[in-house]
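One structure is given below, encoded as C-alpha cells.
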Amino acid sequence: MSELASEAMESEFGTVAGWTEEAVLKLGPEHAVPAGCRGSGSEGALRWLADALAVRPGDRVLDSGAGVGGPAGWLAAERGVRPVCAEPMAPAVHASRTLFGLPAVVALSQALPFADGSFDAAWCLGVLCTTDEKGPLLAELRRVLVDGGRLGLLVFIADEPLPPPLPEGNSFPSSAEVERLLKVAGFRITGTAEADLADNPPGWQQRADAVDAEVRHRHGDDPQWAQAQEQSQRVGRLLGSGSLRPRLISAVPI
Ligand SMILES: C[S@@+](CC[C@H](N)C(=O)[O-])C[C@H]1O[C@@H](n2cnc3c(N)ncnc32)[C@H](O)[C@@H]1O
C-alpha cells in the first residue's frame, strides 16, 4: 500500500507499528499507551484536549489518524468512552484492535467511511502535517461531526523555513495556514496551547523506551528500522531547536 507520501513514512507508521504491537505483547499491557502514543507524545497534551473537548461517557468519539491507538486507548481508560480509530496503515489498525480492543478501520482522514454527523467529538493528532490534502481532511472531519460537535488537533507548526534535514513526506503548516484552513472547513477555534511533549507521569517514558529497545533488539538490523529512526530523529531535532512547535487546538463547527 502506498497511500502515504513516502516510503520512509510507511516504515515509520506501518512496519514499526506492527513491531510495536509485537513488543508490547511481550512486555505487558502497561506499556501499550506510552508506546502507542506516537505523535501525541504526552499525557498532558491528551488531558488538555480531552478537557477542551469535554469528552464524557456516552460520547461518540473518532480518533482520525489514530496510529497504533495509544491516544484512543488513553481516552477510553480515562474518560469512559469507546473511540473509533481510523488510520491508513493496516498494521497500526491491527495494533489498536489487539492492544486496546478498540473498533478500528483502515481509512485516510480525508476519506472517512462514516455517515454525516456520526460523532460528537473527534481528534486528529500529528496528522495534518503528514498530508498535502489538509483542506479536504478538515472538511471531512467537519462532515462526520454533529452540529455542536468538538474537534481537537495536535499540529506541528512551522512559522519560519525549517533547517534541513527535513523528515520525508511531511508538510508542516504555519499558524496562519491552520487558522485559515479551519475557517474554510467550517470551524471556529475555541482554544489553543503549546503542547509540552514531556508532560508525562513517572514511568511513562521508561515504558516507551523499553518498547523501543525491544523493537531495536528484534529488528534493529532491518533497513526500515533505521529509516524510521532517522525520520523521528529529524522531527526531534526540529522540535529541540524550537523551529517546529507542537500546538494543541480545540474548535467547534461554525
Ligand atoms: C505522527 S503519527 C500520530 C499517530 C497518533 N495520532 C498518535 O498521536 O499517536 C501520524 C499518523 O497519521 C497517519 N496518517 C498519515 N497520513 C494520514 C492521512 N491522510 N489520514 C489519516 N492518517 C494519516 C499515519 O499513518 C500515522 O499513523
Side-chain angles (χ1 to χ4, degrees), residues 1-21 24 32-50 61-76 83-96 99-100 102 104-114 122-141 144 151-156 167-173 181 195 197 200 204 208 211 228 231-236 238-239 244 246-249:
M1 151 174 177
S2 199
E3 280 160 331
L4 297 194
S6 78
E7 199 186 298
M9 287 170 81
E10 297 218 4
S11 296
E12 185 181 13
F13 300 138
T15 306
V16 172
W19 294 345
T20 300
E21 174 186 340
V24 170
V33 169
C37 291
R38 307 302 302 186
S40 42
S42 78
E43 193 186 50
L46 297 179
R47 179 162 289 115
W48 187 93
L49 286 165
V61 181
L62 170 67
D63 186 336
S64 199
V68 300
W74 177 89
L75 194 62
V84 174
C85 297
E87 157 63 43
M89 301 308 289
V93 167
H94 189 276
S96 55
L99 299 180
F100 303 103
L102 292 172
V105 292
V106 175
L108 290 164
S109 295
Q110 58 270 41
L112 293 168
F114 307 115
W123 73 20
C124 186
L125 311 178
V127 181
L128 208 57
C129 51
T130 62
T131 177
D132 288 328
E133 295 187 57
K134 298 179 190 352
L137 183 155
L138 292 172
E140 188 67 341
L141 290 173
V144 301
L151 174 69
L153 297 175
L154 168 67
V155 188
F156 292 92
E168 281 179 38
N170 287 270
S171 67
F172 299 105
L181 287 167
L197 297 182
N200 289 313
W204 174 292
V211 171
Q231 281 284 98
S232 61
Q233 280 166 7
R234 288 182 182 190
V235 174
L238 294 172
L239 288 168
L244 195 62
R247 176 149 324 143
L248 302 169
I249 300 172

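Keep in mind that the numbers below use all heavy atoms, side chains included, and drop hydrogens, waters and symmetry copies. When a ligand or atom number is given, it counts from 1 through the structure's own listing order.
Nearest approach of Ser232 to Glu12, heavy atoms of both residues: CB-OE2, 4.0 Å. Residues Trp204 and Pro34 share a closest heavy-atom pair of O-CB, 3.5 Å.
The aromatic rings of Trp74 and Trp123 lie parallel to each other, with less than 30° between the two planes, well short of the 60° mark.
Residue contacts with ligand 1: Leu125 is placed with a nitrogen or oxygen under 3.5 Å of a nitrogen or oxygen of the ligand (distance criterion only). The shortest N or O to N or O distance between Glu87 and ligand 1 is below 3.5 Å. The N/O atoms of Thr130, backbone and side chain alike, include one that comes under 3.5 Å of an N/O atom in ligand 1.
The closest donor-acceptor contact from the side chain of Gln231 to the backbone of Ala8 lies at 3.5 Å or more, if one exists at all. In terms of modelled atom types and a separation under 3.5 Å, the side chain of Gln110 and the main chain of Pro136 share no donor-acceptor contact. With Thr130 contributing its side chain and Val127 its backbone, the two residues share a donor-acceptor pair below 3.5 Å.
Taking every heavy atom of Gly126 and a limit of under 4.0 angstrom, the matching atoms of ligand 1 come to 1 (C), 10 (C). In the vicinity of Gly36, heavy-atom distances shorter than 4.0 Å reach the ligand 1 atoms 9 (O). Proximity to Gln110 (heavy-atom distance under 4.0 Å) selects the following atoms of ligand 1: 18 (C), 19 (N), 20 (N). Interface atoms of ligand 1 facing Met89, defined by a heavy-atom separation under 4.0 Å, are 25 (O). Within ligand 1, counting atoms from 1 as listed, the ones closer than 4.0 Å to a heavy atom of Pro71 are 7 (C), 8 (O), 9 (O).
Between Ala35, Gly65, Cys129, Ala92, it is Gly65 that holds the heavy atom closest to atom 5 (C) of ligand 1.
For the 3.5 Å distance criterion, the side chains of Asn200 and Ser42 fail to qualify, holding no donor opposite an acceptor.
Proximity of Ser64 to ligand 1 is not established, as no heavy-atom distance is less than 4.0 Å. Residue contact check for ligand 1: Gly70 places no non-hydrogen atom closer than 4.0 Å to it. Within the structure, ligand 1 has Cys37 among the residues with a heavy atom less than 4.0 angstrom away.
Considering Leu154, Leu62, Leu141 in turn, Leu141 is the only one that fulfils the side chain to side chain contact (heavy atoms under 4.5 Å, CB included) rule with Cys124.
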